[in-house]
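Quick caveat, the model's predicted, so the values are computed rather than measured.
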Amino acid sequence: METEGKGGFITELPMEAQKILKNTDFPVKRNGIIEQARKSGAIPDILRGLGMLPDKEYNNSEDVAEELHKIYIGVSS
């Protein structure tokens with residue numbers, strides 16, 4: 001599983017989110033990521049952030065991390 005990529009955003013995520021993405025099989029859509037987070041017992045803040053992801057297919061954890069970076073920071077890569 002890829003943990004570092006073009007932007008390195010994965011390392012900026014909370015450890016709980018990194019763990020969820022590490023245990024997620026890619027490619028996956030937003031609902032699949034949220035389902036994995038629920039199974040992992042994610043805290044509400046993590047679930048809320050994942051729920052804000054665009055509804056599309058993600059090829060790897062870095063793709064998800066980049067979108068979360070845009071959501072939380074408001075800056076595109």
Side-chain angles (χ1 to χ4, degrees):
M1 158 111 155
E2 179 180 324
T3 56
E4 285 290 336
K6 56 191 172 204
F9 293 116
I10 190 75
T11 59
E12 297 178 7
L13 294 178
M15 290 301 293
E16 183 176 2
Q18 290 182 38
K19 183 177 177 182
I20 291 164
L21 294 177
K22 182 179 179 184
N23 294 321
T24 300
D25 292 326
F26 290 90
V28 66
K29 291 192 175 193
R30 178 185 65 194
N31 288 342
I33 298 168
I34 294 169
E35 181 180 327
Q36 179 63 42
R38 285 190 177 124
K39 287 180 185 176
S40 300
I43 61 171
D45 285 346
I46 298 293
L47 290 171
R48 193 173 307 114
L50 295 174
M52 294 170 60
L53 287 169
D55 188 17
K56 65 178 188 176
E57 185 167 276
Y58 296 90
N59 294 314
N60 54 51
S61 59
E62 187 62 31
D63 288 348
V64 178
E66 185 175 355
E67 288 294 339
L68 288 172
H69 181 78
K70 291 175 187 177
I71 289 167
Y72 288 124
I73 308 299
V75 178
S76 61
S77 57

Please report the closest heavy-atom contact between [X] and [Y], naming both atoms and the distance.
| X | Y | value |
| --- | --- | --- |
| Gly49 | Leu68 | O-CD2, 3.6 Å |
| Val28 | Gly32 | CG2-CA, 3.6 Å |
| Leu53 | Glu67 | CD2-CB, 3.6 Å |

[X] side, atom [atom1]; [Y] side, atom [atom2] - distance, nearest 0.5 Å:
| X | Y | atom1 | atom2 | answer |
| --- | --- | --- | --- | --- |
| Ile34 | Ile46 | CD1 | CD1 | 12.0 Å |
| Ile33 | Glu57 | CD1 | CD | 10.0 Å |
| Thr11 | Gln18 | OG1 | CD | 6.5 Å |
| Tyr58 | Thr24 | OH | OG1 | 12.5 Å |
| Asp55 | Lys29 | CG | NZ | 6.5 Å |

pair Glu35-Arg38: side-chain heavy atoms closer than 4.5 Å: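 A side-chain contact is absent here, since even the closest heavy-atom pair is not under 4.5 Å.
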Within-4.5 Å side-chain heavy-atom neighbours: Phe26 and Asp63: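 No, too far: nothing below the 4.5 Å cut-off.
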Expected output: side-chain Glu62 to main-chain Ile10 donor-acceptor under 3.5 Å: yes
Side-chain donor or acceptor of Gln36 paired with backbone N/O of Leu21 under 3.5 Å: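 Pair absent, no side-chain N/O of Gln36 close to backbone of Leu21.
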Salt bridge flag under 4.0 Å for residues Glu16 and Lys19: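 No salt bridge links Glu16 with Lys19.
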